[in-house]
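Here the structure is a predicted model, which means the values were calculated and not measured. In what follows, every heavy atom counts, from backbone to side chain, and hydrogens, waters and symmetry copies are set aside.
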Amino acid sequence: MKDNDHSKIEKRRPSSVPRKSRATTGKQKEYDHVKIEKKWQKEWSKKKAYKADDTSKKPKQYVLDMFPYPSGTGLHVGHPKGYIGSDVYARMKHMQGFNVLHPMGYDAFGLPAEQYAIQHKISPAKAVAENIKTFEKQLSIIGLSYDWERKVNTTDPKFYKWTQWIFLKLYNSWYNLETDKAEPIETLIKKFANEKTDGKDKEEGNWNSKSELEKQSELMKYRLAYEGYAEVNWCPELGTVLANDEVVDDKDGKPVSERGGFPVEKRSMRQWFLRITVYAEKLLLGLEKIDWPEHIKEIERNWIGRSLGAEIGFNIVDSRKQIVAGKEEAEKIRVFTTRPDTLFGVTYLVISPEHALLSKIKDQKLEIKIENWEEVKKYIEKILDAPGSVKGFDDAKQKTGVELKGVKAVNPANGEEVPVWVADYVLASYGTGAVMAVPAHDERDFEFAKKYGLPVRKVLTSEEELFIGYSTLINSGKFDGMDSETAKKAITEFVGGKMVTKYKMRDAIFARQRYWGEPIPLFRDTEGVIHEVPESTLPLKLPKVISYEPTGMGQGPLAKVTAWVKKGYETNTMPGWAGSSWYFLRYMDPKNKKVFADRKKIDYWQDVDMYVGGAEHATGHLLYARFWHKFLFDLGLVPTDEPFKSLRNQGLILGGDNRKMSKRWGNVVNPDDIVMTYGADTLRVYEMFMGPFEASLPWSTENIIGSRRFVEKVWRLAMKVSKVPFDSTFDTRLETLIHKTIQKVSDDIEHFAFNTAISAMMILVNEMEKSDATAQKDFEMFLKILTPFAPHVAEEIWHALGHKTLIVSETWPKVDAEKMKESQVKIVVQVNGKVRGEIIVALDTVESEIVTVAQALPAVDKWLLGNEIKKVVYVPLRLVNFVV
RNA sequence: GGGCGAGUGGUGUAAUUGGUAAACACGCCAGUCUUAGGAACUGGUGGCGCAAGCCGUGGGAGUUCAAGUCUCCCCUCGCCCACCA
């Protein structure tokens, strides 16, 4: 496949390219892209053409690419697509007079680097350094306008010092619901100290009299970075924790590791978490004011998963009376439902296997006897041992459950006693971990009820969802005929429940059992008290280890470093998304040793104006970065509460076979080869011309020749116009087209519609080529709008035409609205909606005249003849339609 | 199962508020120039038809003077989430 591709490239090699011996007509200077591109890349770099200015008075424009993980396998042609798009945008903004910040850096922590290092038996740091070199070599020949002096690398201790610093800020903060923002933990401690000395909360005891450890565990419930326990998929054989998608079902339906097929079990492990859930509402609301693709916003909304519902208590029959606030109350099962309007249709309750009620029963804290306790116990153990739902087995997942025999719950709406089940289809992590089952109006409940022969009771009409009165129900008639929305509130109120908002989003696990990540800057003393690594001694550097492999004990390789463990440091490291959650701030001031970025510089650059990257980061990186930014905003460290004002996603470039470009399919096209054969300008033009920026399209080495021809056409045209006097007259038609094209190209780049911008320029070039009188000054206007796409050839021509300045820093041409106006306009003439002819009229022709002329056209008259014109539709300067 | 999006020539695709469907490019066909062409340039290229003309944007209905575009139903594909009550 690859060889085949090469032969194609060879076959399609443009004539004027490397084979110099075969000069065309001999008189013209040849277009030697290799020489030209090298020359100007060097020159731009020497003149620091793309240096951003922190103190500029000009308006700023921060154009950012999602920084890559520098992979060891090198780039394929798909990788630079997004970079080229943002580069075109940044270049236009630069020429339009903005002070542009357009940096690049590396997100180099993470598993791939570690695996690469294990495979090649070198340190991850060395692997990263090597890979970055390869990466930069490949990227540099494409002619991207990065300010390389601002390069950042998340694995550089000078960088991750600040990642750790922000982590400590998170650790030392809590979310104050009263002020609705994050605050230093001291404010909470103060609050506790005051409250508790008031003696309000006697059972909790005086805050000041608590031990360090007691205080610690109390504060841990509030810190934005906190220690907790998480259920993980543990593979004893591999000695590692697996992500959900690394677990598959074997043929017996048992969970095994995707790699190796070893058994996987659930295990609760101590982890660091970030309390992202406190920002759920703000993360949701923030989406309203940012210019992002709607589908990305939708993915985030779904991920956050807000739903409004009711929390309703069901008393358990004969449970021991408890004293709550001086009153006797029965043990309750609290359920969460978005459909309280179906409360009369409840025929049983379901609790999750992890539900607190079960442990209370087990510990005999309640006077409840479960007749089939052994069976229940066995069931719970079985469920809790198996990892959660496995992807890819849609309906295969059967719902199972066991009834708690002898336990009955009371429906607060009608006093009815219903059975209680424990089942695997109820999630402990969502809502209250308990559900009221309404089989008539919920598919899952229905499926379960059918399987176990539980009753089904309909309470709403299926079409209108109106409440059906049941004469047997207490209070029936009260809600009869209500629609769902009204009934929801009324019924919740009636049973003393409350409306609540829940989110699907969970707190983020902020730890990996791996070596190649930022160390967590905390340590635990022998008493178990956690201390911070003092800010003055940051960064806490990664120690050297002998092996990068996991230990097999569920801990990272750091667990084997005795000195590290002795000091009480955490053996987990931060996850891959730590550095990427704030790196864009570091570009504003990448070398600062005192702060993560100087406040004056942050205030100048503010936020990212245009962010370009793949759509796959919607729920990962983008959400986390927004979270960190909102946190930093609460602390007053950044001036905006959203980091990325605008976002654009580039589509993939697929292989010629329409599959994802990968070594595995042998369909990889190397950009180096394309640049060598066709030139960077051609590559850039082609990638932008292929189709919509956000679309995923197959690469075609056949089609690229069109873009090369376009570039060559421009080259030849330049030689031609240089012979036409600079200021000579030309036809106004061409002048109109030039101004229209400038307008279109400017608008299209603004909207990332690069394909149509290029199409417009092709039309213009074709026209200029046909004309013998294209003036140099007009050609130069075109050359400037071509510059963002094909900067090298534009620069070369610009200088060949006698200029000494750099075209990449020239001013974007201004559109003259007067010159854009056509003097004549074409009007389509239809009869009964079918096109029968067209007329060309002056702009100021009145309607009556247009209709008269149109009607007189022979091709039109033919259809009107003998018919009565019932109606004439005239769309100004567009069309006339005769209805007969 | 839920959410989002897309179906237009041989191919990639284009088409402001509904207003000439297929711009631009690839490929293909013919020609010009040339020792030569795999370069460049010119012309042609949705389907049926000798033609006038008719038919054409996944399928079906509808609204309208006019529908790729709006409404309803159906089919196919892609992406994301997935027992979230």
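Nearest nucleotide to the side chain of A:Thr756, out of B:rA85, B:rC83, B:rA15: B:rA15. Of the candidate nucleotides B:rC26, B:rA25, B:rU13, B:rC26 has the atom nearest to the side chain of A:Ile705. For A:Glu702, the side-chain atoms get nearest to B:rC26 when compared with the rest of B:rC80, B:rA23, B:rC26. In this structure, of B:rU20, B:rC24, B:rG19, it is B:rU20 that holds the atom nearest to the side chain of A:Lys826. Taking the side chain of A:Val873 as heavy atoms from C-beta on, and the options B:rC4, B:rG19, B:rA14, the nearest nucleotide is B:rG19. In this structure, of B:rA23, B:rA25, B:rC54, it is B:rA23 that holds the atom nearest to the side chain of A:Ser759. For A:Lys862, whose side chain is taken as the heavy atoms from C-beta onward, the closest listed nucleotide among B:rC81, B:rU20, B:rG53 is B:rG53. For A:Trp863, counting side-chain heavy atoms from C-beta on, the closest listed nucleotide (B:rC54, B:rC4, B:rG12) is B:rC54. Among the nucleotides B:rU20, B:rU13, B:rA85, the one closest to any side-chain atom of A:Val835 is B:rU20. Here B:rG27 is the nucleotide among B:rU17, B:rG3, B:rG27 with the atom lying nearest to any side-chain atom of A:Arg709.
Mapping A:Phe882 and A:Glu294 onto RNA chain B by nearest heavy atom places A:Glu294 at the nucleotide closer to the 5' end. Both A:Lys713 and A:Arg506 lie close to RNA chain B; mapped to their nearest nucleotides by heavy-atom distance, the more 5′-ward contact belongs to A:Lys713.
Salt-bridge check for A:Lys720 with A:Glu769: failed, with every basic side-chain N at 4.0 Å or more from each acidic carboxylate O. Salt-bridge check for A:Lys297 with A:Glu300: failed, with every basic side-chain N at 4.0 Å or more from each acidic carboxylate O.
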For this session: Apply side-chain contact (heavy atoms from CB on, under 4.5 Å) to the pair A:Leu623 and A:Met505, showing each step before the final yes or no.
Result: CA-CA 11 Å; A:Leu623 200 63; A:Met505 185 168 66; 4.0 Å; yes
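Backbone-only contact: A:Glu769 has heavy atoms under 4.0 Å from sugar-phosphate atoms and none from a base. When heavy atoms are screened at a 4.0 angstrom cut-off, A:Pro692 is found touching the sugar-phosphate backbone but no base atom. At a threshold of 4.0 angstrom between heavy atoms, the contacts of A:Glu616 with the nucleic acid are absent. Looking at heavy-atom distances under 4.0 Å, A:Val828 makes contact with a base. Residue contacts shown for A:Arg836 are limited to sugar-phosphate atoms, with no base heavy atom under 4.0 Å away. A:Glu838 comes within 4.0 angstrom of a nucleotide base, judged by non-hydrogen atoms across all strands.
Per the geometry, CD1 belonging to A:Ile304 stands 23 Å off P belonging to B:rG2, to the nearest Å. Between the C1' atom of B:rA25 and the CZ atom of A:Phe689 lies a distance of 4 Å, rounded to the nearest Å. Across the protein-nucleic acid pair, A:Lys488 atom NZ and B:rA85 atom C1' stand 12 Å apart, rounded to whole Å. Here the P atom of nucleotide B:rC81 and the CD1 atom of A:Ile296 are 11 Å apart, to the nearest Å. Across the protein-nucleic acid pair, A:Arg878 atom CZ and B:rU16 atom P stand 9 Å apart, rounded to whole Å. Here B:rA39 presents its P atom at 11 Å from CD of A:Glu712, a figure rounded to the nearest Å. Rounded to whole Å, the distance from NZ on A:Lys770 to C1' on B:rC24 is 13 Å. Across the protein-nucleic acid pair, A:Glu443 atom CD and B:rA82 atom P stand 19 Å apart, rounded to whole Å.
For A:Phe752 and A:Phe754, the distance between ring centers is under 6.0 angstrom. Not less than 6.0 angstrom separates the ring centroid of A:Phe882 from the ring centroid of A:Trp863.
With a cut-off of 3.5 Å on both pairing distances, B:rU20 has no Watson-Crick or G-U wobble partner at all. Of the nucleotides present, B:rC48 is the one that pairs with B:rG53 by Watson-Crick or G-U wobble criteria, both distances under 3.5 Å. Figure legend. B:rA15 is base-paired to no nucleotide; pairs are counted as Watson-Crick or G-U wobble with both atom distances under 3.5 Å. The partner of B:rG37, taking Watson-Crick or G-U wobble pairs whose two distances both stay under 3.5 Å, does not exist in any strand shown. When Watson-Crick and G-U wobble pairs are counted only if both distances are under 3.5 Å, B:rU64 pairs with no nucleotide at all. The partner of B:rU42 is B:rA30, judged by Watson-Crick or G-U wobble contacts that both fall below 3.5 Å. Pairing partner, B:rC79: B:rG3, with both Watson-Crick or wobble hydrogen-bond distances short of 3.5 Å.
Look at B:rG9: its glycosidic torsion is within 90° of 0, and that puts it in the syn range.
Dashed line: the shortest gap from a side-chain N or O of A:Lys744 to OP1 or OP2 of B:rC24 is not under 4.0 Å. The shortest distance between the side-chain N/O atoms of A:Tyr425 and the OP1/OP2 oxygens of B:rA85 is not below 4.0 Å. OP1 or OP2 of B:rC80 has not a single side-chain nitrogen or oxygen of A:Thr619 nearer than 4.0 Å. Listed pair A:Lys834 / B:rC55 meets the phosphate criterion, a side-chain N or O lying under 4.0 Å from OP1 or OP2. At the phosphate of B:rA14, OP1 or OP2 sits under 4.0 Å from a side-chain N or O atom of A:Asn755. A:Arg716 has a side-chain polar atom (N or O) that falls below the 4.0 Å cut-off from OP1 or OP2 of B:rC41.
Panel note: side chain A:Arg457, backbone A:Gly345; no donor-acceptor pair is recorded below 3.5 Å.
Looking at heavy atoms from C-beta onward, A:Lys713 lies in side-chain contact with A:Asn766 at the 4.5 angstrom threshold.
On a pure distance criterion of 3.5 Å, no polar donor-acceptor pair joins the side chain of A:Lys871 and the base of B:rC65.
Under the side chain to side chain donor-acceptor pair (under 3.5 Å) rule, A:Lys744 has a single partner from A:Asp748, A:Thr741, A:Asp747, which is A:Asp748.
Take A:Ile763 and apply the side-chain contact (heavy atoms from CB on, under 4.5 Å) test, not counting sequence neighbours, and it matches A:Ser759.
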